[in-house]
Every structure is written in structure tokens, then in C-alpha cells.
Amino acid sequence: EEFARGRWELWTAHLNAIPDFWLVGTGIGTHRDIYPTYMEAHFDVEFTHGESGYLPLLVESGFVGFGLLLFGIVLAFRWVLLPIFQNNDRAIVACAAAIIPALIASVFHSLGDFVWYIPACMTTTVLLLAAASYLFHLTTTGEHAAAPADRLEDSSWTFAPRFVWIGVSAVCLLTFALANGTLLAPAKAAPRWYEFQRLSATTGAASWQPASLDNLATLSGKVEIAVAANPNDARAHAQLAGLYLQQFDIAQQQSQNPMPLSQIRDAALASNFSSKQQLDDWLNIAVGENRKLFDSALSHALQSVRLCPLQGEVYALLARLAFLEGPDVERKRLYVQQALQVRPNHSRVQFVAGHESLLDGNVEEALAHWKKAFHGEQEVQNELVRELTAVIPAADLLEALTPDRQGLEALFSHYQQKGELDNANVVANYYTHYLVQQSSSDGGLDRLWSLNRLSELHEYLKSNDEAIRLAQAANQISPSDFNIKLRLGRLLVRANRFTEAQVELQWCARRQPDHAE
């Protein structure tokens, strides 16, 4: 269900983008950079392909490219239909009839999947098209009974002058040279980039997530090699900038002068240096050796947006580093504006924009940005919880952010861990009302989860009778769930309803006789 919702949201983004680039599109291969500008919902996945063969092509090549695609489809079906109606050779008719359903499958499957971007699927389609073209040639030339060598000898292509073939060969060689120059560097960089992706997935380290200094050094080493092999990879530059900045943050915590980047920036701006040289001299003294890390982060971030100006999260990173480029405070505001322009729904961009609005004294605008950010990435949500719960009461925070299930879980867990029981109770009450409204439309596993979580929340709020009622409802939906049975038995014991508790706990004891509880 979540995957299907992601497809609908992605296709909606395509439909919103097409009117802006309707003639020739945004350029082949730009889908992954374009769709986030138009996609409002957040998913913890990057849609590298468009989950369709048609809509992404419309986005990337406009009606010109889409027209060529339709022309190709019509031509392909002409190739297989003409032999069926105009050829008397049963073998040729049978071959054409065998190709038709495969082409139909390819055309219709591509409505809701990106099969034309999968090499194995597209290779099969190309082979079928080659066979269809050959059947059409046999039908139109009337040479289906001739030997292959005779057909080649009599082909109309042999009438082309020799200089035409020389020219075609030269064009092919030039195209090969250009393609090789463009694609060889990414091919060389790919192994290190894939190695970095595997390591980051193992260690849980991405450009915005915390990790150990050793892990970050290992990861940045892999990306450095990838960037050296392919200097035109905007994503690799962006990743490297984020890794350097993380290394700086951790290295600063371990230094003799543990000033975080935000304090360094505030001190630099407050000093109002008259020149960049004065700023550089001060940074050399205040930060020392660690300075090379954020200098490198700035360099790679700038190179990243030069190569691909659509990376809003990199503009958000540049906003943090804008003071390094000089005392002009307007530069930071421009970076934030550009980030919002190209990534209006990115949670990290909204997070940084909220901080910028707060510095300008616009609290309402800051909360509006943070509300959008709160419904996005888990890491951004956790940062907002840590920052906002320290200054805003729970009731006001719930009203300002209107959190969903994930956000309520984050807030409730945070207050519980901090021992702020009054705030935890406020969130728990809000959470129960939210789940009651949601569970009315939930079905299957979602309803089971909601009932079980509602029971836990009522248990926390000391509403034992309601907790038991909800646990019993969950037990009816899933009568073989050991954990639900055990919870229900525990609640019944606590309510002194021992006869009912005995039934549930004996069931558990028979299933897991060695269970300590």
C-alpha cells in the first residue's frame, strides 16, 4: 500500500512538472534531480526511475521525445501487422503473430513500471523489434523465399555510394569517442561509489547522520577516490561535503576549543571583520587544524551546485558555511531562498529555512517551515524534537506541528526518556485521540497495531479497563499472537481478574513453557 501511494505521488509530481517543460523536457537522465521539486509527500527512498515508461519521458524530453516514442510504437506494430494481412507464407505470419503479444505486454507494462530502463527487458524488446523489422522487410520486398546471402546482396542498402558508408563510419567513431570520454570516468568511479554505499548502509552513516570519526574518515576516503576518478559527479561532491562537515563537528567536540560551527559562525559575524583575510587569520587561531575540514566541505559543496544546481540540500549546507565566503550576511539568505526554490518540500531545507526565519525574528514563519520539516526525514524530526521540546511546551508543540503517528512516537519517547511525565501525559492523550480517529479507517495489520498501541497508551495513562478492552479487541483480531496474549494476561492480573488471566497465561505457557514471565 505504501509503495502504491509512492507511485501515485510520483506520477502526480510528473504531471505537475510536464507543463513547465512541455516542449523538449528537462533533459534525458534528469528525472532523479527534477521530481523532488514537484513531489510534496516524503518517502524514505529515492525514485531513481519514474515507475512508468511514458511520464518520465514526457518530463525529460517533452512532447518532442514523446512524439518520437509514439511514432516508434506505431511503426513497430505496423511491422508485425502488415505481414499478417499481406503475406501468404504461414511461417512468417506465425512469427509475426508470436511477436505481437510480447510488444503489447511491453507497451502496457510500461504504463506503470520502468521496464524500458531495465537492460534485460529492453534487450528482449529490441530483439523482438529487429525480428519484426525483418519480417516486414521480407513481406514488402517479396524475397522471403530467397537465401539469406541473396537477400543481403540484393538489398537496397548496397546501392548507397561508398563515401556515404565512409561518412557513417566516421560519425560512428566520433560518437564512440565522445561517449567513451563521457562514460569512462563514471565507470572508473563506480566501484568506489558502490563500496561507499555499502559501507554507509552498514554503519548507518549518511551525509546528515551522526557516525564515529573513524567511520567517517573511511567513508570520505572512498568518496574522495570516486571524485578523483569522476570530477563531474555532483552527488559525490555533495556527499563528500556532508562527510567533511560531520568530521569537523566531531573533531571540534574533541578539541581544546570545542566550539560548534554555529558558535564559530556567530562569533565571526559579530566580529564584523573588514576583510576576508582578517576572517581567515581569526579562523586559523580559533579552529586550528580542523579548519581544513570545513574549507573542504565548502569547496565540494560549491562544486556540487555548479555541476547540478538543483540540489537544495547542498544549498542548505552552504547556508551554514556562507560566513566563510566573506562578511556578507545576505549570501546565506540567498542560499536558503535557492534551496527552497529547487527543493520546496525537502525536510532538511525546511529545517534550515526555519532557523533562518527565527534569526530574522519571524517565529511564525519558522514554525511553518519546521512543521513541514517535521513530517519528513527521521533524522530531521529527531533534531527538531531535541531542539523544540527544550523551549516549547508539549501542548503548544502539538498545536504547531500537528504530528502524524511517527512524530507522536518521537515526541512521546523523548519525553519518557527525559522523565518529563507531565509533557509525556499531554502527548499520550493527544496520541490516543489521534489513533482512535485513524483506527476507524485502518484495516488488517494497521488496525491491529493501532489497537495494541492504544492499549499501551491507556495502560500508561492508568486507564486499565480501557487498556484491557483494547487488548481484548487486538486479541480477537490476532488470537495466535503471543505478545498480545501475554500483555492481556498481565493487564488482567493487575486488575485482579485472575480467572480470565489464567486462560490467556496458560495459553502462553503451553506455547513457551520456558518463558520467565
Side-chain angles (χ1 to χ4, degrees), residues 11 14 24-25 28-29 31 49-180 183:
W11 293 338
H14 292 154
V24 292
I28 298 298
H31 172 266
H49 297 79
E51 301 296 337
S52 171
Y54 300 93
L55 288 175
L57 190 71
L58 266 169
V59 172
E60 292 186 348
S61 62
F63 283 102
V64 172
F66 190 70
L68 289 172
L69 171 66
L70 294 181
F71 174 76
I73 291 173
V74 170
L75 186 64
F77 279 102
R78 179 171 179 264
W79 284 345
V80 287
L81 290 174
L82 196 70
I84 290 177
F85 292 108
Q86 294 189 7
N87 203 306
N88 296 323
D89 190 314
R90 295 181 63 184
I92 291 178
V93 172
C95 287
I99 293 171
I100 288 175
L103 292 182
I104 292 174
S106 180
V107 167
F108 278 93
H109 191 179
S110 291
L111 289 170
D113 208 347
F114 52 92
V115 290
W116 292 334
Y117 294 84
I118 301 170
C121 295
M122 194 58 196
T123 300
T124 306
T125 304
V126 169
L127 291 172
L128 289 168
L129 291 172
S133 173
Y134 187 62
L135 294 176
F136 177 79
H137 172 73
L138 292 179
T139 301
T140 54
T141 59
E143 297 176 346
H144 56 270
D150 295 336
R151 286 198 295 273
L152 183 63
E153 192 173 316
D154 294 338
S155 172
S156 59
W157 288 101
T158 58
F159 293 107
R162 183 167 296 179
F163 72 86
V164 172
W165 288 109
I166 294 172
V168 169
S169 300
V171 169
C172 289
L173 285 171
L174 180 61
T175 303
F176 171 77
L178 291 172
N180 187 61
L183 299 176

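Model, not experiment: these values are computed from the prediction.
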Answer yes or no: is there a side-chain heavy-atom contact under 4.5 Å between I73 and L103?
-> no
Look at the rings of Y117 and H49 and say which category their plane angle falls in: under 30° parallel, 30 to 60° tilted, over 60° perpendicular.
-> perpendicular
Compare every heavy atom of A102 with every heavy atom of L128, then report the nearest pair and how far apart it is.
-> CD1-CB, 3.4 Å
Of the non-hydrogen atoms in A96 and I84, which two are nearest, and what is the gap between them?
-> CB-CG1, 3.8 Å
So, does D113 use its side chain to make a donor-acceptor pair with the main chain of V115 at under 3.5 Å?
-> no
Any donor-acceptor N/O pair, E60 side chain to G25 backbone, under 3.5 Å | no
Donor-acceptor list for residues 118-127 side chains, cut-off 3.5 Å, not counting sequence neighbours:
residue	atom	partner	partner atom	Å
T123	OG1	P119	O	2.6
T124	OG1	A120	O	2.9
T125	OG1	C121	O	2.9

What residues, two or more places apart in sequence or in another chain, satisfy side chain to side chain donor-acceptor pair (under 3.5 Å) together with W11?
-> none
Backbone of L58 reached by a side-chain donor or acceptor of S61 within 3.5 Å = no
Does any non-hydrogen side-chain atom of Y54 lie less than 4.5 Å from one of L111?
-> yes
Please step through side-chain contact (heavy atoms from CB on, under 4.5 Å) for the pair W116 and L57, ending with a clear verdict.
-> CA-CA 11 Å; W116 292 334; L57 190 71; over 6 Å; no
Contact summary for P56 and G50, nearest pair of heavy atoms | CG-CA, 3.4 Å
Could you tell me whether the side chain of T175 and the main chain of V171 form a donor-acceptor pair under 3.5 Å?
-> yes
Nearest heavy atoms of A97 and P101, plus distance in Å = O-CD, 3.0 Å
From T141 OG1 over to F136 CZ, what is the distance, rounded to the nearest 0.5 angstrom?
-> 9.5 Å
Which value, rounded to the nearest 0.5 Å, describes the distance between L138 atom CG and C95 atom SG?
-> 9.5 Å
Might you point out which heavy atoms bring I99 and L135 nearest each other, and give the distance in Å?
-> CD1-CD1, 3.8 Å
Which atoms form the tightest heavy-atom contact between V107 and F77, and what is the distance?
-> CG2-CE1, 4.0 Å
